[in-house]
Enquirer: 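Next up is a structure, given as structure tokens.
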Amino acid sequence: MKFASTVKRKPVILCVEDESDLLRDTAEELSEAGYTPLLASNGHEALEQLRTIRPDLILCDISMRGIDGFGLLRAVQGMAPDYAGIPFVFLTALSDPREVVEGKRLGADDYLVKPIDYDLLLATIQARLRQVTRIHTAQRASMAHIDADMLVARFGLTQTEARVAVALTENKQPAQIAAEFDISRTTVTFHLKNIFGKTGATRQAELVALLLRSAVADAP
């Protein structure tokens with residue numbers, strides 16, 4: 001398997017969009033900004049692409065025939081563990097808050113509403129990739145298992161919430177956590193909501209970065 005995140009290589013962005021004109025325009029904007037766009041017109045094509053390359057970020061429409069955006073996100077989460085850290089940004093023509101809630105529950109990192117503001121799109125991609133770099137830096141710096149008791153003391157988490165938080169820093173997705181802890185996805189979602197509230201984080205990537213920074217700060 002080839003990996004996109006290599007030194008001195010342009011970041012690879014997987015664009016999944018069933019509107020051909022929008023897909024082409026987005027690819028052109030990404031290319032001009034210094035990224036390598038990888039294109040898929042539906043969820044099935046995206047999964048085929050993902051079998052041969054690990055992109056640095058996935059930009060995906062929600063409303064598609066066959067495998068929609070939510071379905072693709074679930075599929076990516078069920079792939080090899082190293083895919084769990086890929087930022088996933090949804091594109092949507094709708095502003096229904098239920099879509100936002102569902103996406104966040106599944107682990108989406110961000111939302112962009114169509115018609116696309118390309119300046120905002122590029123800024124979002126840059127911010128997400130920068131956040132991944134910070135997370136990897138913190139992981140290398142900590143070089144150790146994050147102590148659940150530290151999270152309890154620092155953020156006021158319960159022991160179960162702390163265990164869920166530790167699992168997130170290990171690149172485990174909600175479905176994996178539910179299976180490992182023998183609890184339902186709904187219970188995992190409940191704990192995540194509490195963790196976000198107590199830490200002040202709003203997205204999973206932001207939460208992981210915060211937890212890793214805390215571990216480094218508390219390291220002897």
Side-chain angles (χ1 to χ4, degrees), residues 4-5 9-77 79 83-135 173-174 189 192-193 196 201-209:
S5 299
R9 180 174 181 178
K10 294 179 180 179
V12 175
I13 311 299
L14 174 59
C15 305
V16 191
E17 171 60 62
D18 59 1
E19 296 181 34
S20 58
D21 290 343
L22 179 56
L23 184 62
R24 184 192 63 248
D25 292 345
T26 302
E28 291 178 356
E29 291 286 342
L30 291 173
S31 295
E32 291 177 4
Y35 300 107
T36 298
L38 186 66
L39 308 183
S41 60
N42 56 59
H44 292 287
E45 287 185 12
L47 290 176
E48 287 297 320
Q49 298 275 25
L50 288 167
R51 289 190 177 96
T52 59
I53 190 168
R54 180 193 183 280
D56 296 279
L57 182 143
I58 298 174
L59 188 64
C60 181
D61 185 22
I62 291 180
S63 302
M64 299 182 292
R65 293 182 180 179
I67 301 176
D68 64 6
F70 295 138
L72 181 61
L73 176 55
R74 292 189 190 95
V76 171
Q77 291 173 345
M79 298 175 73
Y83 280 74
I86 300 175
F88 202 106
V89 178
F90 274 132
L91 298 176
T92 177
L94 306 174
S95 56
D96 188 340
R98 290 173 297 183
E99 280 197 341
V100 177
V101 170
E102 176 66 7
K104 287 187 175 182
R105 186 183 71 81
L106 292 173
D109 292 287
D110 224 324
Y111 267 83
L112 293 173
V113 178
K114 299 176 184 178
I116 296 176
D117 179 329
Y118 285 107
D119 288 336
L120 178 58
L121 170 67
L122 296 175
T124 299
I125 291 174
Q126 185 179 42
R128 291 296 156 209
L129 294 180
R130 193 164 52 234
Q131 192 167 47
V132 169
T133 299
R134 287 199 300 266
I135 290 173
Q173 293 299 312
T189 301
L192 287 175
K193 181 179 179 181
F196 284 128
T202 58
R203 296 183 177 87
Q204 184 170 317
E206 178 187 353
L207 173 63
V208 171

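In this chain, residues are counted from 1 in sequence order.
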Enquirer: Tell me every residue that passes side chain to side chain donor-acceptor pair (under 3.5 Å) with Glu45, counting only those two or more places apart in sequence or in another chain.
Expert: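 Result, side chain to side chain donor-acceptor pair (under 3.5 Å) vs Glu45: Ser41.
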Enquirer: Quick one: side-chain contact (heavy atoms from CB on, under 4.5 Å) partners of Leu38, sequence neighbours excluded?
Expert: Val12, Leu14, Gln49, Ile53
Enquirer: Quick one: salt bridge (charged side-chain N to carboxylate O under 4.0 Å, His left out) partners of Lys193, sequence neighbours excluded?
Expert: none
Enquirer: Is any side-chain heavy atom of Pro37 less than 4.5 Å from a side-chain heavy atom of Ile13?
Expert: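 Result no, sub-4.5 Å side-chain heavy-atom pair not found.
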Enquirer: Which pairs, with at least one residue in residues 57-77 and sequence neighbours excluded, count as a salt bridge (Lys or Arg N to Asp or Glu O under 4.0 Å)?
Expert: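 Matches after skipping sequence neighbours: Asp61-Lys114, Arg74-Glu102.
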Enquirer: Output all residues satisfying ring pair (Phe, Tyr, Trp, His ring centres under 6.0 Å) with Phe90, sequence neighbours left out; order by chain, then residue number.
Expert: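 Here the qualifying residues are Phe70, Phe88, Tyr111.
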Enquirer: Donor-acceptor pairs under 3.5 Å, side chain of residues 115-126 to any protein atom, not counting sequence neighbours: which ones?
Expert:
from, atom 1, to, atom 2, distance (Å)
Asp117, OD1, Asp119, N, 3.0
Asp117, OD1, Leu120, N, 3.2
Tyr118, OH, Thr26, OG1, 3.4
Thr124, OG1, Leu120, O, 2.8

Enquirer: Over all heavy atoms of both residues, which pair between Leu72 and Leu50 is shortest? Give the atoms and the distance, please.
Expert: CD1-CD1, 4.5 Å
Enquirer: Looking only at heavy atoms, what is the nearest atom pair of Asn42 and Met64, with distance?
Expert: CA-SD, 4.1 Å
Enquirer: Once salt bridge (Lys or Arg N to Asp or Glu O under 4.0 Å) is applied, what residue pairs with a partner in residues 24-36 remain, sequence neighbours excluded?
Expert: Asp21-Arg24
Enquirer: Looking only at non-hydrogen atoms, find the nearest pair between Val16 and Ala46 and report the distance.
Expert: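 Shortest heavy-atom contact: CG2-CB, 3.7 Å.
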Enquirer: Among residues at least two apart in sequence or on other chains, which ones pass side-chain contact (heavy atoms from CB on, under 4.5 Å) with Ala201?
Expert: Phe196, Thr199, Glu206, Leu207
Enquirer: Does some side-chain heavy atom of Pro87 sit less than 4.5 Å from a side-chain heavy atom of Val132?
Expert: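 Sidechains of Pro87 and Val132: in contact.
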Enquirer: What pair of heavy atoms forms the shortest contact from Lys10 to Asp56, and how long is it?
Expert: O-OD2, 4.5 Å
Enquirer: Just how far is it from atom OH of Tyr35 to atom CG of Leu59, taken to the nearest 0.5 Å?
Expert: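 Here the rounded value is 11.0 Å.
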Enquirer: Taking C-beta and beyond as the side chain, do Cys60 and Leu73 meet within less than 4.5 Å on heavy atoms?
Expert: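 Not touching, per the 4.5 Å side-chain cut-off.
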Enquirer: For the residue pair Pro11 and Gly34, what are the closest heavy atoms and their distance?
Expert: CD-O, 4.2 Å
Enquirer: Name all residues meeting the salt bridge (charged side-chain N to carboxylate O under 4.0 Å, His left out) criterion together with Asp110; count only those two or more places apart in sequence or in a different chain, and write none if there are none.
Expert: Arg128, Arg203
